[in-house]
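A short worksheet on the structure shown next.
The figures here come from the full heavy-atom set of this structure, side chains too, leaving out hydrogens, waters and symmetry mates. Just so it is clear, the model here is predicted, and its values are computed rather than measured. Chain identifiers are assigned alphabetically (A, B, ...) following the order of the sequence lines, protein sequences preceding nucleic acid strands; residue numbering begins at 1 within each chain.
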Protein chains: 2
Amino acid sequence: MQALKRLELTLTGNPGPAQAAKAGTRPGGRSARVRTDVVAATLSELTEKGYDQLTVDAICHRAGVHKATVYRRWGGVDGLIADALALSADQPWPIPDTGSVDEDIQLLAREVYDTFTDPDLRTTPTALIGAALRSDLGASALSAFFTARHRQAAEVVTRAVAHGQLPAHVDPVELVRAATAPLYHRLFITGEPLDERAAHRAAAAALLAARAGLFDATTP
Amino acid sequence: MQALKRLELTLTGNPGPAQAAKAGTRPGGRSARVRTDVVAATLSELTEKGYDQLTVDAICHRAGVHKATVYRRWGGVDGLIADALALSADQPWPIPDTGSVDEDIQLLAREVYDTFTDPDLRTTPTALIGAALRSDLGASALSAFFTARHRQAAEVVTRAVAHGQLPAHVDPVELVRAATAPLYHRLFITGEPLDERAAHRAAAAALLAARAGLFDATTP
DNA sequence: CAACTAACGCGACCTGGCTCGCATTAGTAT
DNA sequence: ATACTAATGCGAGCCAGGTCGCGTTAGTTG
């Protein structure tokens with residue numbers, strides 16, 4: 001989840017070339033600059049003021065861009081959130097590789113815990129995910145974001161299967177999801193605080209279930 | 001979760017007396033009628049048109065109440081959603097009691113699955129929970145709702161512990177939560193569809209973890 | 001370098017969510 | 001019954017969010 005924070009830094013730091021360009025469009029310097037500036041401004045405003053106080057005017061003022069431009073390209077606040085998530089999903093992600101699956105999975109859950117309990121790190125991802133849940137467009141982007149994230153992290157499991165540390169037919173994505181899902185559930189559905197035990201428990205339970213054959217991809 | 005549907009039926013069916021009255025206020029007939037009418041209208045509008053098309057005007061028109069009344073008592077759409085959830089949390093809930101914890105927990109997860117896959121049942125709870133995630137006020141109400149729900153369902157576990165079907169120190173609420181959380185996670189965070197396997201898997205994994213001592217309330 | 005045009009800047013305008021002050025209705029008390 | 005007062009009804013009005021048409025800027029092409 002720390003990539004969300006890194007995204008903000010990246011965007012505010014250097015403009016850089018366009019990440020993705022559509023066909024027939026103009027990928028040149030200005031459009032790309034506007035995009036990064038606006039998305040960065042969105043994340044900053046979101047982090048500082050929260051979703052409820054988030055206003056397109058403030059974003060435009062901070063990014064030095066006109067209101068109509070934002071509404072034309074993004075359609076509104078929800079589009080901005082979705083785009084921010086889309087950019088985050090493209091970011092590369094460090095995956096633990098300690099040699100032990102158990103440790104790797106624990107570290108995966110642990111990273112989520114660390115991110116969302118650190119007062120400095122938590123603000124942006126918390127606000128961003130919370131904001132994404134507030135619209136259908138954002139929810140779709142969030143779904144895509146997690147799909148990409150889980151796909152990346154699943155490497156931990158496939159590696160372990162290859163090394164014989166886990167049963168052959170275990171579904172990698174399902175295991176990763178099981179190890180982190182309880183944390184997100186607490187954070188955004190039931191609104192309970194996160195503690196270290198919850199992170200450890202989630203990872204341990206996921207591994208237990210995997211070894212019991214509950215995540216077998218083959219059996220219906 | 002079916003209580004959410006039942007709530008709608010109850011409210012649209014009969015006005016009934018006031019459920020809860022604050023001190024110093026006027027619990028009499030009209031205020032209570034207005035409350036049930038407005039909340040019922042909110043759920044109906046939410047179910048039919050979805051959150052994005054939800055407008056206070058439409059709710060007022062349907063409930064036969066003036067706009068200012070709604071804004072005064074509920075403050076806005078988020079307050080209406082929160083109140084609807086508060087009423088739902090008060091509803092009594094049927095808890096499975098088959099004699100076997102494993103079956104009971106499976107049924108708990110199964111009920112969630114059934115509710116959110118049945119086209120008739122799913123609409124209202126889906127829209128209501130989705131709407132609750134769209135505001136801080138709604139999120140708080142949702143948190144309270146799940147707390148109440150889990151507390152009720154935890155009886156299944158305490159019963160099992162008393163009968164020696166589960167280790168003595170297992171945290172009842174934690175087990176219930178683990179058995180249903182993955183389903184809500186799929187529905188509202190990652191946006192994946194629900195299948196029968198996911199429900200079965202969630203329940204089985206939760207029981208497995210409980211028996212492995214992961215949900216022990218005593219150990220830090 | 002010159003023509004072309006996608007994308008942006010600008011400001012007026014409009015829609016609708018939300019508020020405010022006062023009149024009216026209907027529970028509540030004596 | 002009568003007086004009292006929450007709570008609602010009512011409509012005017014405010015203002016932020018969002019739109020539209022046109023002029024301007026700046027990539028892109030030849």
Side-chain angles (χ1 to χ4, degrees), chain A residues 15-42 45-46 49-83 131 134-135 137-138, chain B residues 15-42 45-46 49-83 131 134-135 137-138:
Chain A
Q19 274 88 338
K22 295 177 181 174
T25 192
R26 195 174 277 191
R30 187 168 62 166
S31 294
R33 258 195 320 274
V34 167
R35 187 189 183 195
T36 51
D37 288 351
V38 170
V39 173
T42 301
E45 285 287 318
L46 189 61
K49 304 180 183 173
Y51 182 83
D52 291 336
Q53 309 302 327
L54 191 65
T55 164
V56 177
D57 275 320
I59 294 172
C60 294
H61 186 264
R62 183 190 281 253
V65 163
H66 197 271
K67 200 170 45 165
T69 300
V70 171
Y71 280 111
R72 268 193 288 255
R73 285 188 53 171
W74 287 277
V77 180
D78 50 347
L80 288 168
I81 303 293
D83 198 26
R134 279 172 161 78
S135 75
L137 197 67
Chain B
Q19 274 89 338
K22 294 177 183 176
T25 190
R26 197 172 274 192
R30 186 168 63 167
S31 294
R33 257 194 322 272
V34 167
R35 186 188 183 196
T36 50
D37 287 352
V38 170
V39 173
T42 302
E45 286 286 318
L46 189 60
K49 302 179 183 172
Y51 182 82
D52 290 334
Q53 307 303 327
L54 191 65
T55 164
V56 177
D57 275 320
I59 293 172
C60 294
H61 187 263
R62 186 190 280 254
V65 164
H66 196 269
K67 203 170 38 169
T69 300
V70 170
Y71 281 109
R72 268 193 289 254
R73 286 188 53 171
W74 286 277
V77 180
D78 49 348
L80 288 168
I81 302 294
D83 198 27
R134 280 171 161 79
S135 76
L137 196 68

| said: With heavy-atom distances below 4.5 Å as the criterion, would you say the side chains of B:Asp52 and B:Arg134 are in contact? | reply: yes

| query | Atom CD of A:Gln53 to atom C1' of D:dA16: distance rounded to whole Å? | reply | 13 Å

| query | Could you give the NE2-to-C1' distance, from A:His61 to C:dC10, as a whole number of Å? | reply | 15 Å

| said: My understanding is that only residues two or more places apart in sequence, or in another chain, count here; which of them pass side-chain hydrogen bond (donor to acceptor under 3.5 Å, both in side chains) with A:Lys67? | reply: none

| note | Closest heavy-atom pair, A:Leu137 versus A:Gly79, reported as atoms and distance to 0.1 Å, is CD2-CA, 3.6 Å

| field | Interatomic distance, B:Asp52 CG vs D:dG17 P [rounded to whole Å] | value | 17 Å

| Rounded to the Å, how far apart are A:Leu80 CG and D:dG17 P? | 13 Å

| field | Close side-chain approach of A:Leu54 to A:Ile59, heavy-atom, < 4.5 Å | value | yes

| query | Please give, in whole Å, the distance from C:dG17 P to B:Tyr51 OH? | reply | 12 Å

| request: Return the value, rounded to whole Å, for the distance between atom CZ of A:Arg35 and atom C1' of C:dA6. | output: 17 Å

For residues 69-78 of chain A, please give each side-chain donor-acceptor pair under 3.5 Å, one per line with the distance, not counting sequence neighbours.
from    : atom 1 : to      : atom 2 : distance (Å)
A:Arg73 : NH1    : A:Ser31 : O      : 3.2
A:Trp74 : NE1    : A:Asp83 : OD2    : 3.0

| said: I need the residues from residues 64-75 of chain A with at least one non-hydrogen atom less than 4.0 Å from DNA chain C; give them sorted by number, or say none. | reply: A:Gly64, A:Val65, A:His66, A:Ala68, A:Thr69, A:Arg72, A:Arg73

| In whole angstrom, what separates B:Asp57's CG from C:dT15's C1'? | 12 Å

| What is the distance from CD of B:Glu45 to P of C:dG17, rounded to the nearest Å? | 12 Å

| request: Could you pull out the closest heavy-atom pair between B:Gly138 and B:Ser135, with the gap in Å? | output: N-OG, 3.0 Å

| request: Look at A:Thr55 and D:dG17 and indicate whether a side-chain polar atom (N or O) is within less than 4.0 Å of OP1 or OP2. | output: yes

